[in-house]
Amino acid sequence: MQFLWNELFYNPLYNALVFLISAVPWHDVGLAVIILTLVVKLILFPLSKKSIISQVKMKKLDPELKKIKENFKDKQEQAKKTMALYKENKINPFSGFLLILIQLPIIFALYFVFFKGLSFNENILFSFIKVPQDINFNFLGLIDMHSKSLFLGILAGLTQFIQTKISIQAAKPDSADKSFKGELMKSMHLQMKYVLPVFIGFVAYQISAAVALYWVTSNIFTIGQELFVVRKIRAES
């Protein structure tokens with residue numbers, strides 16, 4: 001398992017980071033972190049787009065889903081009718097879960113690359129990748145990627161708040177639903193909206209500026225991606 005993890009995820013991302021550090025202007029580690037994060041997000045964009053589209057479509061089906069719950073009291077029949085409705089509207093309700101499943105090993109690998117990758121290990125470098133001789137750990141001459149950064153920690157939490165606020169709109173629970181499930185969903189959304197950003201900001205500050213910069217870049221990209229996809233869907237409808 002460790003071998004597969006290293007060969008499929010950690011080593012390729014680690015080598016990509018080292019290559020980018022040698023290629024970017026001033027050999028700036030911060031710029032390399034930003035570019036690597038954006039490249040990974042762009043590779044995952046098709047999956048992310050499908051997930052966002054499914055969320056938007058599912059939100060539009062709320063009235064019909066409510067009718068199913070009212071007309072069919074049996075849980076199995078509800079599930080059958082719901083899946084039929086999703087199939088009719090070409091919606092994959094599991095697309096979000098699939099995206100998370102695919103992203104998890106990449107996210108963890110990126111985290112360890114940024115967390116450990118600032119001290120270069122030539123033993124895992126590909127033959128065509130060389131360690132840059134002149135390495136600049138001061139991002140734009142302002143932030144030391146080795147150290148903690150309160151500014152980037154706060155920015156990571158703030159961008160996570162904005163990103164979470166946008167993403168949960170597509171799955172916002174019915175405010176009139178007073179059932180246990182409805183109240184549970186509201187509680188989860190509140191925690192995601194307010195607790196998660198604080199947690200991300202705290203962790204990003206405690207670990208390193210490189211990890212915080214990764215979170216900021218990833219969140220900003222996701223915000224732009226969701227706004228772009230949602231606007232495109234509305235323009236087409």
Side-chain angles (χ1 to χ4, degrees), residues 1-2 5-6 8-21 24 26-41 43-44 48 96 99-121 123-124 131-132 135-168 187-226:
M1 184 64 72
Q2 183 69 33
W5 164 263
N6 288 333
L8 294 178
F9 298 104
Y10 182 80
N11 290 353
L13 290 171
Y14 178 86
N15 278 268
L17 178 63
V18 176
F19 169 77
L20 287 170
I21 291 172
V24 298
W26 315 295
H27 304 296
D28 192 314
V29 172
L31 290 177
V33 168
I34 290 174
I35 294 172
L36 180 57
T37 305
L38 292 176
V39 168
V40 172
K41 296 294 286 186
I43 291 172
L44 294 174
S48 302
L99 177 63
I100 292 172
L101 197 64
I102 293 173
Q103 281 192 109
L104 274 178
I106 297 174
I107 290 172
F108 281 122
L110 279 172
Y111 163 77
F112 284 111
V113 164
F114 297 150
F115 184 55
K116 298 179 180 179
L118 299 181
S119 55
F120 298 104
N121 182 0
N123 294 325
I124 61 174
V131 175
I135 304 168
N136 178 16
F137 288 100
N138 288 317
F139 175 46
L140 300 179
L142 299 172
I143 301 173
D144 184 3
M145 292 289 99
H146 271 134
S147 305
K148 300 177 182 179
S149 171
L150 179 60
F151 171 73
L152 286 179
I154 293 173
L155 197 58
L158 179 62
T159 53
Q160 183 65 50
F161 171 77
I162 296 171
Q163 188 265 314
T164 304
K165 184 177 180 181
I166 293 172
S167 65
I168 66 176
S187 175
M188 288 178 62
H189 281 156
L190 282 173
Q191 290 183 46
M192 286 180 61
K193 189 175 179 180
Y194 297 108
V195 178
L196 181 62
V198 173
F199 175 76
I200 293 297
F202 176 78
V203 172
Y205 168 68
Q206 287 294 323
I207 297 175
S208 74
V211 176
L213 184 59
Y214 155 71
W215 277 112
V216 171
T217 306
S218 178
N219 287 339
I220 291 175
F221 182 93
T222 303
I223 291 168
Q225 167 188 275
E226 292 189 353

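Just so we're clear, the structure is a prediction, and the values are computed from it rather than from any experiment. Note that these values count all heavy atoms, side chains included, but never hydrogens, waters or copies made by symmetry.
With a 4.5 Å cut-off on side-chain heavy atoms, Pro132 and Val18 count as touching. Taking 4.5 Å as the limit, some side-chain heavy atom of Ile124 sits within range of a side-chain heavy atom of Tyr10. Ile135 has its side chain within reach of Ile21: a pair of non-hydrogen atoms, C-beta onward, lies under 4.5 Å apart.
Applying the side-chain hydrogen bond (donor to acceptor under 3.5 Å, both in side chains) criterion to Glu226, with sequence neighbours excluded, gives no partner residue. Applying the side-chain hydrogen bond (donor to acceptor under 3.5 Å, both in side chains) test to Asn138 and every residue at least two apart in sequence or in another chain returns nothing. The side-chain contact (heavy atoms from CB on, under 4.5 Å) check on Ala209 picks up Ile143, Met145, Ser149, Leu152, with sequence neighbours excluded. Residues satisfying the side-chain contact (heavy atoms from CB on, under 4.5 Å) test with Phe202, not counting sequence neighbours, are Gln206. Scored by the ring pair (Phe, Tyr, Trp, His ring centres under 6.0 Å) test, Phe161 finds Tyr194 as partners (sequence neighbours excluded).
Minimum interatomic distance between Asn11 and Asn15 (heavy atoms only, all atoms of both residues): O-ND2, 2.7 Å. The shortest heavy-atom contact between Phe108 and Trp5 is CB-CH2, 3.5 Å. Heavy-atom minimum distance, Ala204 versus Ala212: O-CB, 3.6 Å.
In this structure, the separation between CG on Asp144 and CG on Leu142 is 11.5 Å, given to the nearest 0.5 Å. With rounding to the nearest 0.5 angstrom, the OG atom of Ser48 is 11.5 Å from the CD1 atom of Ile43. In this structure, OH on Tyr214 lies 11.5 Å from CD1 on Ile207, to the nearest 0.5 angstrom. Here the straight-line distance linking atom CD of Gln160 with atom CD1 of Ile220 works out to 12.0 Å at 0.5 Å rounding.
Counted within 6.0 Å of CZ on Phe9, heavy atoms from surrounding residues, nucleotides or ligands total more than 12; the atom is thus considered enclosed.
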*asked:* For Val29 and Phe139: C-alpha separation, side-chain torsions, deciding distance, then whether side chain to side chain contact (heavy atoms under 4.5 Å, CB included) applies.
replied: CA-CA 7 Å; Val29 172; Phe139 175 46; over 6 Å; no
When the side chains of residues 30-38 are checked against the rest of the protein, which donor-acceptor pairs come out under 3.5 Å, sequence neighbours left out?
{"residue": "Thr37", "atom": "OG1", "partner": "Val33", "partner atom": "O", "Å": "2.7"}

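Between the side chains of Gln163 and Thr159, not a single donor N or O lies within less than 3.5 Å of an accepting N or O.
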